[in-house]
Amino acid sequence: MAAMAHMKKSIATIKHAGLLVALSLLVGVISFAVFKNALQGEFVYDDTYAIVHNPDLYSSQPWIDIFRHDFWGFPLESEKSHKSYRPLTTLTFRFQMRYAGDQADSQAANMMHMFNVLIHALNCGLLPALFCAFGFRLTESVLAALLFACHPVHVEAVASLVGRAELLAALTTILSLILWQLHWPSSLLFASSALLCKETATAVALPLCSCLELFQWMSGKASRPVLKILLPLVLMAALLAARLALHGGLQARPFIHPEANPGAFAADPITRVLTLHYYLFRHLRLLIWPWPLCCDWSYMSIASLASARDLRAMIPLWVIYGLPWCLFKLSREHGAAKGVHRGILISSLWLLMSLLPVSNLLFTVGFTVAERVLYIPSIGSSAILARFLLQLGRQGHSQGHWQGHRQGESLYRSALTANPRNEKLHDLLATRLQNSGGNLEEAIWHAEAAIKLNAGYWHAHATLGQLKLATGSKSLAIEHYKKALLLAERQQLDDVADAPKVRLNLAVMLQDVDVQSAEEHFRRLCTLPSSTQGMAMVIFGAFLESQARGNSSRLAEAATMYESALRAPTGAPESVAHLRLGSVLRKLAKLVGKEPTNPPLEATGAKPTKLQRAKLPERIVSSCSKDSLPLPSLRGSLYQASRCWSKLFRQRSCNLDLDLVRIPGLAPCREAPETFGAGRELLSCLWVAYTEGPSNSEEEFLLSTWQLPATDERSMHHFQQGLKTALAPNSEPLDPGARKWREALAVVGARLTLQGRMEEAKALLQDPRALLPKLATEQLKSGDASVALEAFQAVASLQESAQTHRGLAEAFERLGDKAAAMLHKERAAEFGRTHKSQQKCFLRARCV
């Protein structure tokens, strides 16, 4: 009997056709009520990497990148990519993040958690119709849907935001099978979209469509059976081929850490086979007996099976290879008498097909046991169990372990109760305790426990370093940070996850201990495309400022860092970068002409280089000297240079936006040369520097020597932009007492006042007469006499006083203008005598 014929027959025998719809709504409401605890929550565990730190979810990135990157935001062709291609799931996150204003806060998290619960309720509401289509009676269908709705193993898929991939894949699969006989093109569309929600869903939706058509043909009610049976299979083959081609073919393997799936990377073949069978057995056991539940089973949480003599080895083999035979016998025993054997058979195929992609048989997966991947298989198991069981039994026992999922600490504590040998859980709990202001001693104990379980776990060393810093042990913190980065580099993980943050913390701590090492770490951070790159550039710029001590080259390098931070896609505090860039440009503008120029080549007696013999313009020679052109950068930038040259040939201008950090030699291209000869000069510069090579080692990272136009106008522009950005809604927090903030207020406020733009000055300072003297005095005390001078001049333009002239005198004296200082001292004394005489007159008048 065909699947849809069963559905029509079941509906026809119901007295009221709306009963099925009413029961489906009831199941959906019950499932929503069961998971009400998951309506609110935080970004915990993998949610942080898939959502908070994923640049594809923010409006600053083009939406088309979602179809080029994997689920975690890495390019599919990258060696660091997991090859998990789920663009439809990522699109739902992006839409919700945009609605939340690109803020990964608690409001955005709650909205996403609610959406997950709603999808689960929709799935549960559709299941009665699906099971009726399989051939189950209405009571069995409703009971199976209720078992699925309340199954404790679904908590991770529903309450964890990354579990949305399973929820959406299940939704599209259910819809495709319900619509197969009603409108098969729509069914194929939903089945194909399941692949874009979760890659493993294709093994269920399209093959089961063929199975439904096969059963229809066996009942004698199908037309053109061969075409409709083969069409879903041909479509699945085409989709899988396209999917493989997208990330580089069969030779491109996903990036999987060996400790995430120890059994798959075991050296001994016997250990590998037995352990992987045991992993699959644990998945099957959780479908029947969902306890214990844990959010992570990686590393050595499940001990490997060394030999067949292990007591755990034989039962998995009997269960795994005996299960298909038992399910087949079960369907035959009940099929002839009850007429429901095909429903059990289809449910059995659903169960086996959905477990196949996560079994490590087709390809290696990045986990040992993961409860969220059982969301789709449990649809088949619930249908089978509903036929023969009246109650699930103890379904609520393990639910208590997950009621605190919205609080990470409760989640990790319950997980450690079930899985105390997992170093990752110890590390996560230690991090959570520190972030939530918990017991630091307990956090340190958990971090050390993680290291004892796995000495090569780099993140535990980073966590312990952070905790040691919080307790005041700076030397121990530096030691653990260095150990963490060393392990991360050995495992090729120093440019992913939290490793750039660890490097940034280490660089900041080394500023006062080892300046050279700190600078090396900062330069390394500037080359890593991470979420902390912009912040690292700003902090590195501040570091260069502190090391400048009047050196214009260091200040110019700091200005380049701030400018590059403003162009970084994420991670840069925009207002701070503008304020600091304005301050540096103001200093550079005052240093122009003070430093001696380089003597001509003939005067030094040095031998001219190829670059100098090329007789190129001085601006090209100065920017393309071999000391400023790292060889690895040039090899990667010749293509961009050729594009720039072709633009010059066609348009006589070049607006190609190049990365000043990675390709410093191409900086003159930003000046948009007007002639074809400039393009020729640029390529000549690249070729000469490429053939000569850099004077330093290839590994050394050199920053651009391109000079920003250091003018007062440009400095004012960035000061104003920084103040404007800091005052804008949803801007990054900025301490109003910060030094650069006060400097910008003094410079911009004084300039507006001197120009007579009092309305703008009042909008910025509210009361310039009261605030400008304070700002001027602050700048004088901090040692910035030039800013103080301009601020005091603005105050004098509003109202002269003895205090204002004393400030002007001190500012001029620090700037070396003794004549002006003496003049203002005299004016201050004159104002002092006038003020005393006025006081005497006032006192006499009061006496009279």
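What you see is a predicted model; the values in this text were computed from it and never measured.
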**OP:** Check Ala788 against Ala776 and note the closest heavy-atom contact, atom names and distance.
**Re:** CB-O, 3.5 Å

Subject >> 4.5 Å side-chain heavy-atom contact, Gln766 and Leu771 >> reply: no

Original post:
Got a second to check how far Leu429's CG is from His446's NE2, nearest 0.5 Å?
Top reply: 4.5 Å

**OP:** Output, in order, the C-alpha distance, side-chain angles, deciding distance and verdict of side chain to side chain contact (heavy atoms under 4.5 Å, CB included) for Tyr562 and Met537.
**Re:** CA-CA 6 Å; Tyr562 296 139; Met537 288 177 175; over 6 Å; no

Subject >> Electrostatic pair Glu810:Arg806 at N-O distance under 4.0 angstrom >> reply: no

Subject >> Check: Gln466 and Tyr481 side chains under 4.5 Å, non-hydrogen atoms >> reply: yes

Original post:
Shortest non-hydrogen contact from Leu467 to Ala430?
Top reply: CD1-CB, 4.3 Å

Original post:
Is Arg432 paired with Glu409 through a side-chain N to carboxylate O contact shorter than 4.0 Å?
Top reply: no

Subject >> Nearest-0.5 Å distance, OG1 of residue Thr90 to CH2 of residue Trp72 >> reply: 10.0 Å

Subject >> His53 and Lys501: side chain donor to acceptor below 3.5 Å >> reply: yes

**OP:** Please assess Arg751 against Gln720 for the test side chain to side chain contact (heavy atoms under 4.5 Å, CB included), listing each intermediate value before the final yes or no.
**Re:** CA-CA 11 Å; Arg751 190 67 55 88; Gln720 289 176 319; over 6 Å; no

**OP:** Could you check if a side-chain atom of Glu519 sits within less than 4.5 angstrom of a side-chain atom of Phe543, using non-hydrogen atoms only?
**Re:** yes

Original post:
With a 4.5 Å heavy-atom cut-off, do Tyr412 and Val44 have their side chains touching?
Top reply: yes

**OP:** May I ask you to test the Met97-Ile51 pair for a side-chain heavy-atom distance under 4.5 Å?
**Re:** yes

**OP:** Please say which of Val787, Leu772, Leu808 ends up in a side chain to side chain contact (heavy atoms under 4.5 Å, CB included) with Phe792.
**Re:** Leu808

Original post:
Heavy-atom distance under 4.5 Å between the side chains of Gln533 and Cys526, does that happen here?
Top reply: no

Original post:
For residues Asp427 and His459, is any side-chain donor paired with an opposing acceptor at under 3.5 Å?
Top reply: yes

Original post:
Do Ser575 side-chain atoms and Gly722 backbone N/O form a donor-acceptor pair below 3.5 Å?
Top reply: no

Original post:
Side chains of Asp498 and Tyr49: do they bring a donor and an acceptor to under 3.5 Å?
Top reply: yes

Subject >> Side chains of Ser786 and Asp784, donor plus acceptor under 3.5 Å >> reply: yes

Original post:
Do Glu743 and Arg580 meet the salt-bridge criterion of a basic N to acidic O distance under 4.0 Å?
Top reply: no

**OP:** Give the intermediate values and the outcome of side chain to side chain contact (heavy atoms under 4.5 Å, CB included) for residues Trp458 and Glu489.
**Re:** CA-CA 9 Å; Trp458 72 271; Glu489 289 171 357; over 6 Å; no

**OP:** Could you pull out the closest heavy-atom pair between Ala50 and Phe71, with the gap in Å?
**Re:** CB-CE2, 4.0 Å

**OP:** Kindly give the heavy-atom pair with the smallest separation between Ala507 and His521, and that separation in Å.
**Re:** CB-CB, 3.8 Å

**OP:** Answer yes or no: is there an ion pair linking Glu563 with Arg567, defined by an N-O contact shorter than 4.0 Å?
**Re:** yes

Original post:
Quick one: CG on Asp514 to CD1 on Ile478, what's the gap to the nearest 0.5 Å?
Top reply: 9.0 Å

Original post:
To the nearest 0.5 Å, what is the distance between CG (Leu57) and CZ (Phe93)?
Top reply: 7.5 Å

Original post:
Which heavy atom of Leu581 sits nearest a heavy atom of Ala559, and at what distance?
Top reply: CD1-O, 3.5 Å

Original post:
Is the number of heavy atoms from other residues, nucleotides or ligands under 6.0 Å of Arg757 CZ greater than 12?
Top reply: yes

**OP:** Using atom types as modelled and distance alone, determine if a side-chain donor or acceptor of Gln61 lies under 3.5 Å from a backbone N or O of Pro55.
**Re:** no

Original post:
Does any N or O in the side chain of Thr753 come within less than 3.5 Å of the main-chain N or O of Gly749, such that one atom is a donor and the other an acceptor?
Top reply: yes

Original post:
According to the interplanar angle, ranging from 0 to 90°, do the rings of Phe67 and Trp63 count as parallel (below 30°), tilted (30 to 60°) or perpendicular (above 60°)?
Top reply: perpendicular

Subject >> Note: Arg586-Glu790 ion pair, threshold 4.0 Å (strictly below) >> reply: no

Subject >> From CG (Leu161) to CD (Gln96), nearest 0.5 Å >> reply: 8.5 Å

Subject >> Side-chain (Asp70) to main-chain (His82) donor-acceptor, under 3.5 angstrom >> reply: yes

Subject >> Salt bridge present between Lys587 and Glu545 (N-O < 4.0 angstrom) >> reply: yes

Original post:
Just wondering, more than 12 heavy atoms not from Gln803 lying within 6.0 Å of its CD?
Top reply: no

Original post:
Can you find a heavy atom in the side chain of Glu520 that is under 4.5 Å from one in the side chain of Gln516?
Top reply: yes

**OP:** Drop me the distance from Leu723's CG to His578's NE2, to the nearest 0.5 angstrom.
**Re:** 10.5 Å

**OP:** Determine whether the side chains of Gln491 and Tyr457 contain a donor N or O and an acceptor N or O closer than 3.5 Å.
**Re:** no

Original post:
Taking the side chain from His113 and the backbone from Glu42, do they hold a donor-acceptor pair closer than 3.5 Å?
Top reply: yes

Original post:
Are Ser81 and Ser78 linked by a side-chain donor-acceptor pair shorter than 3.5 Å?
Top reply: no

**OP:** Keeping the roles fixed (side chain from Ser801, backbone from Thr804), state whether a donor-acceptor pair exists under 3.5 Å.
**Re:** yes

Original post:
Any ion pair linking Asp65 and Arg68 (charged N to carboxylate O, less than 4.0 Å)?
Top reply: yes

**OP:** Starting from the C-alpha separation in whole Å, work towards a yes-or-no answer on side chain to side chain contact (heavy atoms under 4.5 Å, CB included) for Asp47 and Val52.
**Re:** CA-CA 7 Å; Asp47 302 343; Val52 180; over 6 Å; no

Original post:
Hey, is NZ on Lys774 packed in by over 12 heavy atoms from elsewhere, all under 6.0 Å?
Top reply: no

**OP:** Kindly give the heavy-atom pair with the smallest separation between Leu485 and Arg503, and that separation in Å.
**Re:** CD1-CA, 3.9 Å

Original post:
So Phe522 and Phe540, would you call those rings parallel, tilted or perpendicular, with 30° and 60° as cut-offs?
Top reply: parallel

**OP:** Could you tell me whether the side chain of Arg714 reaches within less than 4.5 Å of the side chain of His718, counting heavy atoms only?
**Re:** yes

